[in-house]
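Just so it is clear: chains get the letters A, B, ... in the order the sequence lines come, proteins before strands, and each one is counted from 1. Remember, it's a predicted structure, so these values are computed and weren't measured experimentally. Both backbone and side-chain heavy atoms feed into the values below; hydrogens, waters and symmetry mates do not.
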Amino acid sequence: MTMQSTVEIEAMPEQPQWARELRESARARFDKIGYPSTADERWRFTNVDAITRIEWAADGPTSDDINLDPFQIPDLDAALAVFIDGQLRADLSDLSGLGEGVVCEPLIEALSRTGVADRLGAQSATLTDGFTALNDASFGSGLYIEVQEGFAAHRPIHVLSLATSGDTPIAAHPRNLIVAGKNARVQVIEHYNAVSDEIVNLNNAVTEVFADEDAFVEHYLLERESERGYNISTLFIRQGARSVVHSHTVLLGGAIVRNNVVPTLAGEKAHCLINGLYVAHNEQHLDNQMRVRHAAPNCESRQYYKGIMNDKSRGVFTGRIIVDKAGQGTDAIQTNRNMLLSDDARVNARPQLEIYADDVKCTHGATTGRVDDEAVFYFRSRGLSEEVARAMLIYAFAAEGFDRMQLAPVRRLLAAEMIAKLPRAEGLSIEV
Amino acid sequence: MSQTPLLKISNLHVRLEDDPAVEILRGIDLTIMPGEVHSIMGPNGSGKSTLAQVLAGKDDYEITEGSIEFNGEDLDDLGPDERANAGIFLAFQYPVEIPGVSAMQFLKAAVNAKRVFEGKDELNAGALLKHFRAKADQIYVPFEMLKRNVNEGFSGGEKKRFEIFQMAVLDSVLGILDESDSGLDIDALKIVSEGVNSMRDGHRAFLLITHYQRLLDYIVPDQVHVLVKGRIVKSGGKELAMELEENGYAPFGVNEPATV
Ligand SMILES: Nc1ncnc2c1ncn2[C@@H]1O[C@H](COP(=O)(O)OP(=O)(O)OP(=O)(O)O)[C@@H](O)[C@H]1O
Ligand SMILES: [Mg+2]
C-alpha cells in the first residue's frame with residue numbers, strides 16, 4: 001500500500017521544526033494504523049479498498065488553459081483561491097478585498113505566524129483515523145485564514161479545488177486552518193469540483209476551525225467531485241464561549257465520499273449548526289460521520305442531515321453526540337431524514353449518544369421514506385406531470401436545508417445542481 | 001337541442017385496486033350539463049369522496065364497469081394531470097400539506113403546465129402575479145396566503161378557501177367540491193359560496209359534495225342526489241336536501257342517527 005503523495009519530508013521547503021515533527025509523528029501514526037477497514041466501527045459501512053488500490057501520484061501534468069467560469073458561484077462576490085490538482089494557482093486566485101484584520105494566504109507560508117504552531121494539528125491529531133493522519137503527514141496545499149479580534153471578513157472566501165488531470169490519478173491533501181478571533185466573522189466555501197466526470201482523483205482534505213469567544217464562522221463544503229473521484233473531508237471545529245459556527249455540507253459528486261464533521265463546543269453557550277444534504281445516484285456511496293462533543297455547559301448543537309438516494313446508491317449517516325461531565329445544560333438535536341427514490345437505494349443511519357452529564361436535553365431521530373403518493377396525486381390533480389410533481393416534492397424535502405444557508409448565491413447554485421441531478425426534472429424551474 | 005353533457009357517468013362500478021373484494025361504487029349514473037350545479041349528499045362512507053377521486057383520476061381505484069365521459073370524451077386513458085388540464089378540478093376534502101413548496105411556486109407551475117397543454121405560451125412572472133391578484137380578489141382570499149407553503153399550517157377553513165382559489169386560478173370548467181363547506185365558519189361559508197357563484201357563467205359546472213343543506217341555500221343546485229352504499233338512491237330538486245335535513249338517511253335504510 002503506497003501513497004506516493006505522502007511526504008517526502010526531506011524535500012519540503014524550509015519549515016519550522018514543529019511542522020516537521022507534526023508530519024513525522026503523523027507518518028508514524030499512519031504507518032501504525034493504516035487505512036481504515038470495515039472492521040473499524042466508524043468505517044463499518046464504507047469500504048475504501050477502491051481508493052487504496054489506486055497508484056496515486058502527488059502531481060501530474062496540468063493544463064494552463066483552464067476555464068474557471070463553470071466553477072464560479074454565480075452572483076457571489078467572494079475572494080477566490082484556486083487549487084488545480086492540489087497546487088495553488090496564484091495567477092487564477094484573487095484574495096483581495098477581505099478588509100482589515102484578515103489574513104488569507106497559503107498555509108505553507110503562514111507556518112511561522114503566531115498561534116499557528118499551537119493550532120495546526122491540535123484537533124486533527126486527536127482523531128485516530130488513517131486518512132487524517134495522512135493529511136497531517138502531507139499537508140502542503142490549502143489556506144491559512146485568520147480574522148483578528150473584532151474584525152469581519154468583507155467577503156466570503158471561495159476555496160476552489162479543481163481536478164483536471166485525466167491521465168494520472170492525483171491525490172491531494174488540502175489543509176486549511178481557519179482562526180476567528182473574539183467577535184470575528186468569516187464565511188468560507190470549500191468547493192471540490194472536476195472538469196469532467198471521467199477524472200479519477202482523491203481529495204483527502206482536513207480543515208481545522210478555531211472560533212474564539214463570540215465569533216461567527218460559516219463553513220460550506222460543496223462536494224461535486226467527478227463521479228469516478230474520491231473525497232474524504234474532515235472538518236474540525238473548536239468553539240469558544242458564545243461562538244456560533246454553521247457547517248453546511250452538500251455532497252453531490254464522487255464515487256466514494258466520506259464527510260466527517262467534528263465540532264467540540266468548548267466554551268459556555270456556544271452554538272453549532274450542522275446542516276447537510278447528500279444526493280446520490282448510480283452507485284455513489286456517500287458517508288457522513290458527525291461527532292459532536294459538548295465539553296462546556298449550556299451549549300446547543302443542531303444537526304440536520306438529509307439524504308436523497310436514487311438507483312443503487314448508498315448513504316450512510318452516523319451521528320454521535322458526546323456530552324462530557326462538564327456539559328451540563330446541553331441542548332442537542334439531531335435529525336437524519338432520507339428519501340429513497342428507487343428500490344435498490346439504501347441508507348444506514350446510526351444515532352449514537354454518549355452522555356456523562358445529568359442535566360441534558362438530547363433528541364435524535366432518523367427516518368427513511370419515499371415520495372408521498374398523496375402529495376404527488378395532489379400536484380397532478382392541478383395539472384403538473386408526474387415527473388415535475390415528484391421533482392418538486394423531492395426539492396421541497398431538501399429545501400429547508402438550503403434555507404439555513406446565509407449566502408443566497410450558494411443556495412441558488414446548490415438548489416439548481418441538486419435539481420439537475422434528479423430524474424427527469426427538465427420541466428422544473430424553481431426559485432430559491 | 002342536443003347539447004353534449006359536460007360530465008356523463010354511466011353505470012360506474014369501482015372497487016379498491018388493492019382489495020378487489022371491496023366494491024365501493026356500485027352502478028352510478030349521473031349527467032351534468034354545462035352550467036349546472038349538482039349536489040351529492042349521503043352518509044359517511046357511502047362513497048362520495050371515492051367518486052370525486054375517481055373523477056380526478058386517482059389510481060387507488062379500479063373501474064370494473066361503466067364509463068366516464070367529459071365533454072363527450074372517455075376519461076379512461078387520461079391521467080390526473082391531463083384531466084386537470086382538460087378542465088376538471090377536485091377540491092379535496094382533506095388537502096395535503098406540502099412543506100417546502102410555496103403556494104405561489106406551485107400555482108405558477110400549474111398555470112403554465114395548463115398553458116403548455118393548451119399550446120399557449122407560458123406566462124411570465126408579472127402576468128402570473130396579476131392573474132393571482134385578480135383571482136384572490138374574486139374569491140376573497142388574502143394574497144399573503146400565496147407566500148406560504150402549500151396548505152402548510154393552514155387552518156381547516158383556510159385550506160378549503162385555498163382550494164376554491166386554485167380552481168379560479170386554473171379556470172377549470174368542472175368543479176368537484178368535496179365538502180368544501182365543512183369546517184367553515186358562517187362568514188367563510190358565505191364568502192366561499194360567493195366565490196363559487198362568481199364563477200358560474202352558464203358554462204362552468206359544479207358537483208357539490210356536502211353534508212349540510214345550508215351550503216345549498218347559498219349555492220342553489222339544479223339537482224340533488226342521495227348516495228347510499230355506492231348507489232344513487234334518489235335524485236330531486238333542492239327540496240330533497242331539506243327533506244334529508246329533516247329525516248336523515250333512515251328512510252333509505254341507513255340506521256344512523258339523523259344528526260351528523
Ligand atoms: N383508499 C382506500 N382504502 C381503503 N378503503 C377505502 C379507500 N377509499 C375509500 N375506502 C372505503 O370506501 C368507503 C367510501 O369512502 P369515501 O371516502 O368515499 O366515503 P365518503 O362518502 O366520502 O364519506 P365521508 O362523508 O365520511 O367523507 C369507506 O368505507 C372507505 O373506508
Ligand atoms: Mg368524503
Side-chain angles (χ1 to χ4, degrees), chain A residues 275 277 279 304-308 335 337-339 341 365 367 369-405 408 411-412 414-416 418-419 422 424-432, chain B residues 52-53 55-61 78-118 122 124-125 128 149-152 159 162-163 165-167 169-172 176 178:
Chain A
N275 180 34
L277 176 69
V279 184
Y304 306 111
Y305 259 68
K306 285 190 173 176
I308 298 172
T335 67
R337 295 180 58 201
N338 296 287
M339 192 179 251
L341 305 185
T367 60
R370 292 175 184 276
V371 182
D372 175 10
D373 285 336
E374 294 299 318
V376 172
F377 178 62
Y378 189 75
F379 275 34
R380 291 188 72 192
S381 78
R382 299 322 185 222
L384 299 170
S385 71
E386 174 152 17
E387 289 73 27
V388 168
R390 283 185 178 277
M392 280 181 93
L393 290 164
I394 296 165
Y395 175 76
F397 171 76
E400 61 173 7
F402 294 124
D403 290 345
R404 294 191 187 99
M405 300 175 180
R411 211 190 291 161
R412 280 197 293 271
L414 289 174
M418 190 204 95
I419 290 167
L422 298 180
R424 295 166 296 156
E426 298 84 11
L428 181 66
S429 73
I430 277 184
E431 298 146 33
V432 184
Chain B
Q53 305 258 333
L55 292 174
K58 181 127 196 198
D59 61 8
D60 292 12
Y61 304 104
L78 298 190
D81 41 331
E82 294 162 310
R83 296 180 190 202
N85 288 326
I88 295 180
F89 184 89
L90 169 61
F92 283 64
Q93 181 174 2
Y94 304 109
V96 192
E97 300 201 12
I98 321 271
V101 180
S102 80
M104 183 83 83
Q105 188 178 312
F106 171 55
L107 284 181
K108 282 180 176 175
V111 168
N112 278 331
K114 182 169 185 189
R115 292 186 65 91
V116 169
F117 179 87
E118 289 170 341
E122 293 192 10
N124 65 29
L128 284 165
N149 288 333
V150 177
N151 295 320
E152 192 188 21
K159 282 181 185 158
F162 185 57
E163 295 286 290
F165 171 70
Q166 291 180 51
M167 176 175 170
V169 162
L170 293 172
D171 203 17
S172 313
I176 303 159
D178 192 356

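Here the shortest heavy-atom pairing between Ala399(A) and Gly100(B) reads CB-O, 4.2 Å. The two residues Glu374(A) and Asp60(B) make their nearest non-hydrogen contact at OE2-OD2, 4.4 Å. When all heavy atoms of Leu384(A) and Ala113(B) are compared, the pair lying nearest together is CD2-CB, 4.0 Å. Here the closest heavy-atom approach between residue Ala396(A) and residue Val101(B) is recorded as CB-CG2, 3.4 Å.
Only the side chain of Val150(B) comes within less than 4.5 Å of a heavy atom of chain A; its backbone N, CA, C and O stay farther away. Interface residue Lys58(B): backbone and side-chain heavy atoms are both found under 4.5 Å from chain A. At a 4.5 Å heavy-atom cutoff, Asp373(A) makes no contact with chain B through either its backbone or its side chain. Heavy atoms closer than 4.5 Å to chain A are found nowhere in Phe117(B), neither backbone nor side chain. Both the backbone and the side chain of Gln53(B) come within contact range of chain A, with heavy atoms under 4.5 Å apart.
To the nearest 0.5 Å, atom CD of residue Glu97(B) and atom OH of residue Tyr378(A) are 10.5 Å apart. With rounding to the nearest 0.5 angstrom, the CZ atom of Arg382(A) is 12.0 Å from the CG atom of Asn85(B).
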Practice task
Kindly indicate, with the supporting measurements, whether the criterion salt bridge (charged side-chain N to carboxylate O under 4.0 Å, His left out) is fulfilled by Glu82(B) and Arg380(A).
Solution key: CA-CA 8 Å; Glu82(B) 294 162 310; Arg380(A) 291 188 72 192; 5.8 Å; no

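The greatest number of non-hydrogen atom pairs below 4.5 Å with chain B, out of Gly383(A), Ala375(A), Ser385(A), is found for Gly383(A). Between chain A and the residues Leu170(B), Ile98(B), Asp59(B), the largest count of heavy-atom pairs under 4.5 Å involves Ile98(B). In terms of heavy-atom pairs under 4.5 angstrom with chain A, the leader among Gly79(B), Ala84(B), Ser172(B) is Ala84(B).
Below 30°, between 30° and 60°, or above 60°: for Phe92(B) and Phe377(A) the angle between ring planes is above 60°, a perpendicular geometry.
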